[in-house]
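Data first, discussion second: the structure below is written as C-alpha cells.
As a basis for the values below, the full set of heavy atoms in this structure was taken, side chains included, without hydrogen atoms, waters or symmetry mates. Residue numbers start from 1 in every chain, and the chains themselves are labelled A, B, ... in the order their sequence lines are given, proteins ahead of strands. Everything quoted here is computed from the prediction, not taken from an experiment.
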Number of protein chains: 2
Amino acid sequence: MRRARRRGLAHEAADRVRDAIFEGLVPPGAALREVELATALDVSRGSVREGLAVLEREGLVRSEWHRGARVIDMSPADVDEVYTVRAALECLATGTAAERAAPGHLEELSVLTDTLERALDAGADSPALLSLDMAFHDRVYEIAGNSRLTQAWHGVRSQVYLFQLTRIRLGHDQYRSVVVEEHRRLVSMLERGATPALAEAAREHVDSARRALARMLADPPR
Amino acid sequence: MRRARRRGLAHEAADRVRDAIFEGLVPPGAALREVELATALDVSRGSVREGLAVLEREGLVRSEWHRGARVIDMSPADVDEVYTVRAALECLATGTAAERAAPGHLEELSVLTDTLERALDAGADSPALLSLDMAFHDRVYEIAGNSRLTQAWHGVRSQVYLFQLTRIRLGHDQYRSVVVEEHRRLVSMLERGATPALAEAAREHVDSARRALARMLADPPR
DNA sequence: CAAAGTTCAAATGTTGACATCCGGACAATC
DNA sequence: GATTGTCCGGATGTCAACATTTGAACTTTG
C-alpha cells in the first residue's frame, strides 16, 4: 500500500486552484488575488499564499514581488520550452524504467494502455483520456525510481497537462487517433530494454504532441 | 543591464540558511527548526517558513507534515540520482546553447574558463574554484535561454553544489587537476555547434564528477 | 513482560491584523 | 507638452498569537 499523506490546507488550496485553471475557470494570464481566493476557499491568506507557491513550483503560475500571481500564458515559445524539457526527461525516465522494470511493471503499463484503449472505444471524453495518458507517464517515472527526476517532471507536468488540454480542446480527433498506438509502441520498446530506439520513441512521442499543439496554435480550426 | 530584483525576507532567509548548509554549519540530516531560525535571523516564522519552502524546491531540504524540515543527506543513491538528472539537463543545455550562442557568448565562456585557470594558478582555494565552475554552467543555461530548463537546473543546482563541496573537501587534488581542462573541452565543443560529441562531452563532464564523488564516499581518504 | 493506551511538552499549521509596496491618476514644473 | 512629483486604492509582505499535531516518556492492561 502507498502510505496516506496528511497535507494541510495549502496543498488543498493548490489543488482547487489547479483544477480551476484546468477547467478554464481562470484563463491564462489572469491574476490570482490572495484575498479573493482566501474568501472563496474559506481559508486564510497564508494558506492560499503557500498554495500559490506550490503552483509556482509547478510552473502553472508566475508571481512577482508585490505584484501577485498570474496564470501562465502559452506563447509558442512557452510550448517549445516545456516540450523540449519534457522530451529530455521522458528519455531519461523511459530508459531508467526499462533498466529497472520488473516483469510486473511492464505488465502494469500494458494494462494501463488497455484501459486507455477501452476508454477510447467506449467514447470517453478527451479530458478523461488525457488523465489516463498522464497516469501512464506518471507510472513510468515511478518505475524509474529517481526522486529527483520525478521532481523535475513535476516541474513541467502541470504545464504539459494544461497544454494538452488546450490541444484536445482545439481539436481532439488527431489526439484520439494516435494516443493508444503511441503508448503501445512505448510499452513494446520498454520491453526490449534501454535501447537507443526507446529513447527515440520517447522523444518522438513528446515531439508529436508538441507539433500537434504548435499546429493548433498557429492555425486555430475554430 | 540586468534588472534589479526586490526579493523579500523569505529569499534572504533562504540565502542565509543555504550558506550555512554549504559552510557545514548545519550538517546533513540536521533539523531546521522554524522558531530557532526565526530568532537567529530576526525575522518572523512566516518568512522562515517560506524560505524553507524555497530550499525545499532546490532539493536541499526535505520537509514532512508537522515534522519540520531537515537537511538532505547524501547516500550513494542520492548522488546517483542527482548526477543522472544533471547529466540529462546538461546535455540539453549545452546542445541548445550551442545552437543559439552568438560569437560573443562563446567568447564569454572562454573568458570564464580563463578566469578559472588564473584562479587555479594563483592558488585560490577549492570552494572559490567551485563557485567559478558553477558560474560557468549557470551561464550556459542562460545562453540556452529556456526558462523551464533553467528552473529544472535550479532544482538540482544546490544539491550539486553541496555534493561538489563534499567532493573537494574529501580530496581536492583530483578536482583541481581536471576542472580547467574539462571546461576547455566543453568550450571547444560548443564552438563546433550542437554535435553528438558535445552531448557526450557534457555527459562525461558530469559523470566524471559523479565517479569522483562516489569513489570518495566509498573510500574516504580521511 | 510486551503491547496498547495516556499524557504532555515541543514543534509545526493556521489565522487575522498591521506594515509596506505598486501602479495609475492627477497636479506641478521646466 | 513631456517629464517629474504626489497622492491613494488595492494589493502583497510581515508579524505574533492561537490551534493542531507529533513523538516519546509514562502508565496501564492482558
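- Along DNA chain D, the nucleotide nearest Val43(B) and the nucleotide nearest Glu36(A) are compared for position; the residue whose nucleotide lies closer to the 5' end is Glu36(A).
- Here the C1' atom of nucleotide dC21(C) and the NE2 atom of His66(A) are 4 Å apart, to the nearest Å.
- Atom CZ of Arg6(A) is separated from atom C1' of dT14(C) by 17 Å (rounded to the nearest Å).
- Put simply, the side chain of Arg45(A) and the base of dG13(D) share a donor and an acceptor less than 3.5 Å apart.
- Here the closest non-hydrogen pair linking Ser158(B) and Leu60(B) is CB-CG, 3.6 Å.
- Taking atom CD of residue Glu64(B) and atom P of nucleotide dT20(D), one finds them 22 Å apart after rounding to whole Å.
- Ser47(B) has a side-chain polar atom (N or O) that falls below the 4.0 Å cut-off from OP1 or OP2 of dC15(D).
- Residue-level contact check: Leu32(B) touches the backbone only, with heavy atoms under 4.0 Å from sugar-phosphate atoms and none from bases.
- The 5' end of DNA chain D is approached more closely, in terms of each residue's nearest nucleotide, by Glu34(A) than by the other of Arg67(B) and Glu34(A).
- Atoms CZ (Arg7(A)) and C1' (dT22(D)) sit 19 Å apart, rounded to a whole Å.
- Side-chain contact, His137(A) with Asp133(A): a donor N or O sits under 3.5 Å from an acceptor N or O.
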Apply salt bridge (Lys or Arg N to Asp or Glu O under 4.0 Å) to Glu58(B) and Arg18(B), showing your working. CA-CA 10 Å; Glu58(B) 296 177 8; Arg18(B) 191 189 302 111; 2.7 Å; yes
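- The phosphate of dA10(C) (OP1 or OP2) has no side-chain N or O of Arg33(B) nearer than 4.0 angstrom.
- Of the N and O atoms on the side chains of Gln164(A) and Tyr175(A), not one donor lies less than 3.5 Å from an acceptor on the other residue.
- Using cut-offs of 30° and 60° for the angle between ring planes, the His205(B) and His183(B) rings count as perpendicular.
- Between Arg49(A) atom CZ and dG13(C) atom P there is a gap of 16 Å when expressed in whole angstrom units.
- Atom CZ in Arg5(A) sits about 17 Å away from atom C1' in dT21(D), given to the nearest Å.
- Heavy atoms of Gly46(B) sit nowhere under 4.0 angstrom from any nucleic acid atom.
- Distances shorter than 4.0 Å separate none of the side-chain N or O atoms of Ser44(B) from OP1 or OP2 on dT14(D).
- Straight-line distance from the CD atom of Glu50(B) to the P atom of dT14(C): 15 Å, rounded to whole Å.
- Spacing between atom CD of Glu12(A) and atom C1' of dT14(C) amounts to 14 Å, rounded to whole angstrom units.
- Contact between the side-chain N/O atoms of Trp65(B) and the OP1/OP2 oxygens of dT22(D) is found at a separation under 4.0 Å.
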